[in-house]
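Report on one structure; see the data block that follows.
Residue numbers start from 1 in every chain, and the chains themselves are labelled A, B, ... in the order their sequence lines are given, proteins ahead of strands.
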Protein chains: 2
Amino acid sequence: MIMSIETDIKQKKFRSPYQRLALNLVYTSNWLGYKQLEIFKDYDITSQQYNVLRILRGQKSVPIKVSEITERMLDKNSNTSRLVDKLLVKNLAERKSCPNDRRAVDVVITKEGLDLLEKLDPFVEEWENRFSIISPDDAERFSALLDKLRESDNQ
Amino acid sequence: MIMSIETDIKQKKFRSPYQRLALNLVYTSNWLGYKQLEIFKDYDITSQQYNVLRILRGQKSVPIKVSEITERMLDKNSNTSRLVDKLLVKNLAERKSCPNDRRAVDVVITKEGLDLLEKLDPFVEEWENRFSIISPDDAERFSALLDKLRESDNQ
DNA sequence: AATAAATAGATGTTTATACATTAAATGTAT
DNA sequence: ATACATTTAATGTATAAACATCTATTTATT
């Protein structure tokens with residue numbers, strides 16, 4: 001059964017291919033988000049918390065400041081301070097005072113954090129592999145288009 | 001200045017073009033969402049409330065049930081009942097009792113609701129026109145890819 | 001050095017979201 | 001017709017998001 005955005009939001013006509021794409025992008029992104037949530041909720045974390053954990057793991061135990069985490073987040077408006085709080089309570093991350101700048105706070109992932117990510121890896125990979133219905137070239141092209149879309153901001 | 005997802009989330013390498021695309025899609029969608037929010041907050045509505053209003057306008061004064069609104073929403077998990085509540089308080093929509101099914105509630109957009117949408121139209125169009133940096137054909141292809149992405153659910 | 005400005009992060013507060021439950025009306029089965 | 005299940009919408013509740021404000025520290029200015 002072929003399900004297009006038309007049937008999904010029960011809209012027969014779109015003003016232009018651009019409107020169709022815009023709505024499809026928002027709709028699909030919401031859909032992807034809920035798919036991700038389904039994965040995470042069994043492990044009692046949110047997508048945002050997961051994003052922080054991934055950034056921390058990428059550091060390979062090199063401490064990273066809260067502000068730097070924010071810079072790497074997919075959602076730039078998220079309150080990283082509170083997200084780290086949540087991870088702290090669950091023993092998934094640790095705060096360390098920053099010697100050279102006492103305003104800053106260094107964050108590191110814990111063993112438990114790494115273990116959780118490892119458990120989640122196969123599911124997230126599966127989530128990501130949805131995209132492999134596209135050819136690698138199309139994926140690159142697609143990605144470049146998204147980059148271009150955001151460019152309209154810095155002219 | 002060229003800004004790619006790499007610089008935006010300060011990640012140099014991606015596991016595959018698919019991971020790059022997946023993160024880019026989430027990131028860009030968040031970004032688009034905030035751009036939309038900027039438009040709406042001056043008029044004291046949310047993106048979700050706007051979505052409901054658009055659906056109501058599409059009905060051209062033909063009443064529509066709350067459950068049907070939900071089916072047409074871009075975010076399927078939204079609590080339409082509460083969204084309609086908000087619109088009601090602001091006099092942007094009206095509730096009407098449904099004669100043939102007394103469980104259901106019919107909703108219609110008001111004059112004020114239509115006026116608000118008209119004021120927002122140029123801004124939303126501008127938001128949508130970001131996508132016209134792509135060719136119409138690419139937009140169609142892109143949209144078809146998104147449809148295909150969600151297909152993996154119903155096999 | 002003293003004052004002002006900027007930065008980092010935490011916190012307060014209001015609103016929205018996620019998820020479950022409830023209540024009423026309708027549909028279905030025996 | 002009665003009992004049970006389903007649908008429709010509203011509500012309860014805990015958590016998270018959006019946005020502003022505050023405090024401590026560092027940097028810049030005069």
Side-chain angles (χ1 to χ4, degrees), chain A residues 26 29-52 55 63-90 93-108, chain B residues 26 29-52 55 63-90 93-108:
Chain A
V26 173
S29 169
N30 283 333
W31 183 86
L32 278 168
Y34 284 116
K35 285 289 156 195
Q36 217 179 42
L37 218 73
E38 276 176 31
I39 299 172
F40 297 146
K41 77 175 171 193
D42 292 336
Y43 296 88
D44 200 39
I45 57 166
T46 64
S47 299
Q48 304 273 49
Q49 288 169 27
Y50 176 77
N51 194 191
V52 174
I55 290 163
I64 181 173
K65 290 197 291 173
V66 173
S67 57
E68 284 170 29
I69 297 175
T70 309
E71 284 174 4
R72 300 189 186 187
M73 292 287 285
L74 293 172
D75 184 343
K76 294 296 180 209
N77 290 49
S78 51
N79 190 334
T80 310
S81 182
R82 279 210 178 97
L83 289 174
V84 170
D85 257 354
K86 297 283 157 59
L87 298 178
L88 208 102
V89 170
K90 297 177 210 163
E94 272 183 340
R95 262 199 263 258
K96 301 200 167 186
S97 56
C98 203
N100 48 324
D101 186 342
R102 289 191 299 159
R103 289 169 305 181
V105 171
D106 269 339
V107 185
V108 211
Chain B
V26 173
S29 168
N30 284 333
W31 182 85
L32 278 169
Y34 285 116
K35 285 289 157 194
Q36 217 179 42
L37 219 72
E38 275 176 31
I39 299 172
F40 297 147
K41 77 175 168 191
D42 292 336
Y43 297 88
D44 200 39
I45 58 165
T46 64
S47 298
Q48 303 272 52
Q49 288 169 28
Y50 176 78
N51 195 192
V52 174
I55 291 163
I64 180 173
K65 288 197 293 174
V66 173
S67 57
E68 283 171 29
I69 297 175
T70 308
E71 284 174 6
R72 301 189 187 186
M73 291 287 284
L74 293 171
D75 184 344
K76 294 296 182 210
N77 290 48
S78 51
N79 191 332
T80 310
S81 182
R82 279 209 177 96
L83 288 174
V84 171
D85 256 355
K86 298 283 157 61
L87 297 178
L88 208 100
V89 170
K90 296 177 210 163
E94 272 184 338
R95 262 198 263 258
K96 300 200 167 184
S97 56
C98 202
N100 49 323
D101 187 341
R102 287 191 300 158
R103 290 168 304 182
V105 171
D106 270 339
V107 185
V108 212

| note | From the list A/Asn79, A/Thr80, A/Asn77, side-chain hydrogen bond (donor to acceptor under 3.5 Å, both in side chains) partner of A/Thr70 resolves to A/Thr80
| request: Name the residue closer to the 5' end of DNA chain D, choosing between A/Thr46 and A/Asn100 according to the nucleotide with the nearest heavy atom. | output: A/Thr46
| said: Just the rounded figure in Å: distance from P of D/dT25 to NZ of A/Lys65. | reply: 15 Å
| said: By the 4.0 Å heavy-atom rule, please label B/Ser78 as base, sugar-phosphate, or nothing. | reply: nothing
| Whole angstrom value for the distance that separates P of D/dT15 from CD of A/Gln49 | 12 Å
| Atom pair CG (B/Asp106) and NZ (B/Lys65), whose distance is rounded to the nearest 0.5 Å | 8.0 Å
| remark: Closest non-hydrogen contact found for B/Val105 with B/Cys98 is N-CB, 4.5 Å
| task | Identify the heavy atoms of B/Phe40 and B/Ile45 that sit nearest to each other, and give their distance. | result | CB-O, 3.2 Å
| message | Tell me the interatomic distance from B/Gln48, atom CD, to D/dA18, atom C1', rounded to whole angstroms. | response | 14 Å
| Closest non-hydrogen atom pair, B/Ile69 against B/Ile55 | O-CD1, 3.9 Å
| query | If you find the nucleotide of DNA chain D closest to B/Val84 and the one closest to A/Pro99, which residue's nucleotide is nearer the 5' end? | reply | B/Val84
| query | Residues two or more places apart in sequence or in another chain: which of them pass salt bridge (Lys or Arg N to Asp or Glu O under 4.0 Å) with A/Arg82? | reply | none
| note | B/Arg95 meets the side-chain hydrogen bond (donor to acceptor under 3.5 Å, both in side chains) criterion, sequence neighbours left out, with B/Asp85
| query | If you find the nucleotide of DNA chain C closest to A/Thr80 and the one closest to A/Lys41, which residue's nucleotide is nearer the 5' end? | reply | A/Thr80
| remark: Sorted by chain and number, sequence neighbours left out, salt bridge (Lys or Arg N to Asp or Glu O under 4.0 Å) with A/Arg102 holds for none
| task | Output the single nucleotide from D/dT26, D/dT8, D/dA16 whose closest atom is nearest the side chain of A/Arg103. | result | D/dT26
| Is any side-chain heavy atom of A/Glu94 less than 4.5 Å from a side-chain heavy atom of A/Val107? | no
| request: Between B/Lys86 and B/Asn79, just flag the one whose closest nucleotide in DNA chain C comes earlier from the 5' side. | output: B/Lys86
| said: Going by side-chain hydrogen bond (donor to acceptor under 3.5 Å, both in side chains), name the residues that satisfy it together with B/Asp75, two or more places apart in sequence or in a different chain. | reply: A/Tyr34, B/Gln48
| Could you give the start and end, 5' to 3', of the contact zone on DNA chain C for chain A, using atoms under 4.0 Å from its heavy atoms? | C/dT7 to C/dC19
| Integer-rounded Å distance: D/dA18 P and A/Leu83 CG | 11 Å
| query | How long is the line joining CZ of A/Arg82 and P of D/dA20, in whole Å? | reply | 14 Å
| query | Between A/Tyr34 (OH) and D/dA16 (C1'), how many Å, whole number? | reply | 13 Å
| request: Select base, sugar-phosphate, or nothing to describe what A/Glu68 touches, counting heavy atoms under 4.0 Å on all strands. | output: nothing
| said: Please classify the nucleic acid contact of A/Ser67 as base, sugar-phosphate, or nothing, using heavy-atom distances under 4.0 Å. | reply: sugar-phosphate
| said: At 10 degrees resolution, what angle do the end axes of the helix from C/dA1-D/dT30 to C/dT30-D/dA1 form when each is taken over five base pairs? | reply: 20°
| query | Within the structure, does a side-chain N or O atom of B/Ser81 lie under 4.0 Å from either OP1 or OP2 of D/dA10? | reply | yes
| remark: Taken to the nearest whole Å, NZ/B/Lys96 to C1'/D/dA9 is 19 Å
| Rounded distance (Å) that lies between atom P of D/dA9 and atom CD1 of B/Ile69 | 8 Å
